[in-house]
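Computed from a predicted structure; not experimentally measured.
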Amino acid sequence: MENQEQQASAADVLTQAIASKLDYLSTLQAAVQHNDDRKVYELLDEGRYYQEVKKTRSPRAVNHLAELVDNIHPQISHYLSDNLIDYLGHIYPFFYYEEYTTGLFHIYFGNWWDRRLFGDLDVINVQFQLDETEYQKLRDSFALEAQNQRLNTAKIESISAQSEELQQLVNAQTQRDNQKAELREQLKENSSKSSMPWDSGKLKEERQAIIDQLTKLADEDERALNAHKTIKENDDRILVLSKEDTILNYEKQSIRDAFDDFEHFEAHNASLYADYINSLIGKSEVTIDD
């Protein structure tokens with residue numbers, strides 16, 4: 001009898017566990033059928049929903065029922081993306097999205113030439129996963145404005161200075177040739193001088209000084225020989241950096257038009273989940289009961 005009671009109790013527990021899973025899936029299915037995206041988001045992460053949207057704790061104990069649909073997140077993301085991207089289009093008019101595979105979206109900044117791949121859109125978590133390198137460039141570009149500089153101002157100035165130095169080496173070729181001719185004559189005179197033994201040290205020092213000067217001029221000749229190639233490469237680098245500064249200016253202006261400044265842009269990013277879910281409240285065709 002005791003074994004029968006234990007078996008019956010185990011069956012009840014299992015039946016209840018299965019019923020809970022079925023109820024969860026049934027509620028999620030109904031939310032999708034009735035286009036109730038708000039309810040879908042609540043079911044996907046009830047703890048976060050209550051904390052960030054309701055500003056309170058979930059009335060129920062934390063469960064792991066949402067794990068039941070982990071393997072269909074791409075399909076859920078694809079479904080939820082329509083309304084989310086429509087919402088984002090009004091708040092972030094400069095972001096464009098590309099679904100490169102089911103439920104996964106790239107974010108592009110702008111629709112101009114050479115627009116940047118700026119990160120990814122996490123639809124399930126209503127979150128931008130922005131490329132850290134590209135985002136840091138934008139942040140630094142805003143910060144440098146206080147110094148009347150662009151992101152690449154220092155780099156461009158450094159490269160330009162190098163090109164100017166190389167051009168001066170090229171322009172000074174005739175002067176170097178004349179110096180080398182004079183030094184060779186001095187070297188010849190040094191070699192032909194006869195002296196007492198106590199003068200040999202002095203002549204050796206003079207000879208070494210002349211050789212050092214000739215070596216330095218030869219090094220400058222070598223640099224001048226490759227200068228045109230390097231200057232061309234530097235011009236190409238400056239062009240790339242200037243284009244990047246131009247694109248960053250487009251991006252900064254877009255952010256100012258939408259958010260006034262970078263700080264408000266970051267604040268909106270941080271509260272995106274709650275802002276979006278709140279915008280959905282009351283919009284569903286039918287409210288699905290908890």
* Can you see which heavy atom on Ser77 is nearest to which on Ile124, and at what distance? => N-CD1, 3.9 Å
* Asked: Side-chain heavy atoms under 4.5 angstrom apart, residues restricted to Ile, Leu, Val, Met, Phe, Trp, Tyr: same cluster for Leu225 and Leu166?
  -> no
* Closest heavy-atom contact between Tyr273 and Asp45? -> OH-O, 4.2 Å
* Asked: Side chain of Asp86, backbone of Asp82: donor and acceptor closer than 3.5 Å?
  -> no
* Run the numbers on Phe118 and Phe95 for side chain to side chain contact (heavy atoms under 4.5 Å, CB included), then give the verdict. => CA-CA 9 Å; Phe118 209 64; Phe95 279 163; 3.9 Å; yes
* Scan for salt bridge (Lys or Arg N to Asp or Glu O under 4.0 Å) pairs involving residues 124-135, sequence neighbours excluded, and state none if there are none. => Arg116-Glu134, Glu134-Lys137
* Is there a side-chain contact between Arg115 and Phe94 (heavy atoms, below 4.5 Å)? -> no
* Check Ser81 against His78 and note the closest heavy-atom contact, atom names and distance. => OG-O, 2.7 Å
* To do: Go through the side-chain N and O atoms of Gln253 and Asn249 and say whether any donor and acceptor fall under 3.5 Å apart.
  => no
* To do: List the steps and the verdict of side chain to side chain contact (heavy atoms under 4.5 Å, CB included) for Leu121 and Leu88.
  => CA-CA 11 Å; Leu121 172 63; Leu88 295 175; 3.9 Å; yes
* Please assess Asp122 against Asn125 for the test side chain to side chain donor-acceptor pair (under 3.5 Å), listing each intermediate value before the final yes or no. => CA-CA 6 Å; Asp122 183 344; Asn125 292 299; 2.8 Å; yes
* Asked: Mind checking whether Phe259 and His268 have ring centres under 6.0 Å apart?
  -> yes
* Just wondering, do Lys216 and Asp212 contact through their side chains at under 4.5 Å, heavy atoms? -> no
* To do: Could you go through the side chain to side chain donor-acceptor pair (under 3.5 Å) check for Thr230 and Asn226 one step at a time?
  => CA-CA 6 Å; Thr230 304; Asn226 298 317; over 6 Å; no
* Asked: Under a 4.5 Å cut-off applied to non-hydrogen side-chain atoms, are Lys54 and Tyr49 in contact?
  -> yes
* Asked: Taking atom types as modelled and ignoring hydrogens, do the side chains of Glu46 and Tyr41 form a donor-acceptor contact shorter than 3.5 angstrom?
  -> no
* Asked: Atom CD1 in Ile159, atom CD in Glu164: separation rounded to 0.5 Å?
  -> 14.0 Å
* Is it the case that more than 12 heavy atoms not belonging to His106 sit under 6.0 Å from its NE2 atom? -> yes
* Asked: Would a distance-only check, ignoring hydrogens and angles, find a side-chain to backbone donor-acceptor pair under 3.5 Å from Tyr24 to Leu43?
  -> yes
* **Asn278 side-chain N/O to Ala274 backbone N/O, donor-acceptor pair under 3.5 Å** => yes
* Is the distance between the ring centroids of Tyr250 and Phe109 less than 6.0 Å? -> no
* Asked: Could you go step by step and tell me if Ile247 and Asp114 meet the side chain to side chain contact (heavy atoms under 4.5 Å, CB included) rule?
  -> CA-CA 8 Å; Ile247 291 171; Asp114 279 357; 3.6 Å; yes
* Measuring from Leu169:CG to Arg223:CZ, what's the distance to the nearest 0.5 Å? -> 5.0 Å
* Examine distances only and state if a side-chain atom of Ser160 and a backbone atom of Ile156 form a donor-acceptor pair shorter than 3.5 Å. => yes
* Exercise: identify the closest heavy-atom pair between Asp36 and Tyr79 -> N-OH, 4.0 Å
* Asked: Is Val123 reachable from Phe128 through a run of I, L, V, M, F, W or Y residues, each pair having side-chain heavy atoms under 4.5 Å apart?
  -> yes
* **Derivation and outcome, side chain to side chain donor-acceptor pair (under 3.5 Å), residues Gln16 and Asp12** => CA-CA 6 Å; Gln16 182 59 45; Asp12 289 342; over 6 Å; no
* So if you build clusters from Ile, Leu, Val, Met, Phe, Trp, Tyr with side-chain heavy-atom gaps below 4.5 Å, do Leu239 and Leu241 land together? -> no
* Asked: Does the pair Arg38 and Glu42 meet the rule for a salt bridge (charged side-chain N to carboxylate O under 4.0 Å, His left out), with working shown?
  -> CA-CA 6 Å; Arg38 181 209 62 79; Glu42 179 185 348; 2.9 Å; yes
* Asked: According to a 4.5 Å side-chain heavy-atom criterion applied to Ile, Leu, Val, Met, Phe, Trp and Tyr, with indirect links allowed, do Ile91 and Ile107 form part of one hydrophobic cluster?
  -> yes
* Should the pair Lys232-Asp236 be classified as a salt bridge under the 4.0 Å nitrogen-to-oxygen rule? -> yes
* **side chain to side chain donor-acceptor pair (under 3.5 Å) evaluation trace for Asn269 with Tyr92** => CA-CA 10 Å; Asn269 296 349; Tyr92 302 84; 2.8 Å; yes
* Taking a hydrophobic cluster as the set of Ile, Leu, Val, Met, Phe, Trp and Tyr residues connected by side-chain heavy atoms closer than 4.5 Å, whether directly or through intermediates, do Val40 and Leu104 fall within one such cluster? -> no
* Asked: Atom CD1 in Ile76, atom OG1 in Thr102: separation rounded to 0.5 Å?
  -> 13.0 Å
* Does Thr246 use its side chain to pair, donor to acceptor, with the backbone of Ser242 at less than 3.5 Å? -> yes
* Asked: Taking atom CG of Leu130 and atom CG of Leu117, what is their separation to the nearest 0.5 Å?
  -> 10.5 Å
* Asked: How about Phe142 and Phe262: are their ring centres within less than 6.0 Å of each other?
  -> yes
* Using a 4.5 Å cut-off on heavy atoms from C-beta on, say whether the side chain of Lys55 contacts that of Tyr50. => no
* Leu151 to Asp245 - nearest heavy-atom pair and separation -> N-OD1, 3.4 Å
* **salt bridge (Lys or Arg N to Asp or Glu O under 4.0 Å) contacts in which one or both residues fall within residues 147-163, not counting sequence neighbours** => none
* Tyr100 and Asp120, any side-chain heavy atoms less than 4.5 Å apart -> yes
* State, yes or no, whether a side-chain contact exists between Leu44 and Val69 at a heavy-atom distance under 4.5 Å. => yes
* Asked: Should Gln162 and Ile231 count as side-chain neighbours, where that means a heavy-atom distance under 4.5 Å?
  -> no
* **Lys252 side chain near Leu138 side chain, heavy-atom distance below 4.5 Å** => yes
* To do: Assess whether salt bridge (charged side-chain N to carboxylate O under 4.0 Å, His left out) is satisfied between Glu145 and Arg256, documenting all intermediate values.
  => CA-CA 13 Å; Glu145 280 188 334; Arg256 286 195 184 93; 2.3 Å; yes
* Ignoring hydrogens and geometry, is there a side-chain-to-backbone donor-acceptor pair from His264 to Asp260 under 3.5 Å? -> no
* **Nearest-0.5 Å distance, CD1 of residue Ile255 to CZ of residue Phe265** => 4.5 Å
* **Reported CG-to-CG distance for the pair Leu22 and Leu65, which is rounded to 0.5 angstrom** => 10.5 Å
* **Distance-only polar pair, side chains of Asp140 and Gln136, donor-acceptor under 3.5 Å** => yes
* Stepwise side chain to side chain contact (heavy atoms under 4.5 Å, CB included) check, Val53 with Arg48 -> CA-CA 8 Å; Val53 179; Arg48 185 185 184 193; over 6 Å; no
* To do: Verify the ring-centre separation between Tyr276 and Tyr87: is it less than 6.0 angstrom?
  => yes
* Structure fact -> Sequence neighbours excluded, the answer for side-chain hydrogen bond (donor to acceptor under 3.5 Å, both in side chains) partners of Gln29 is none
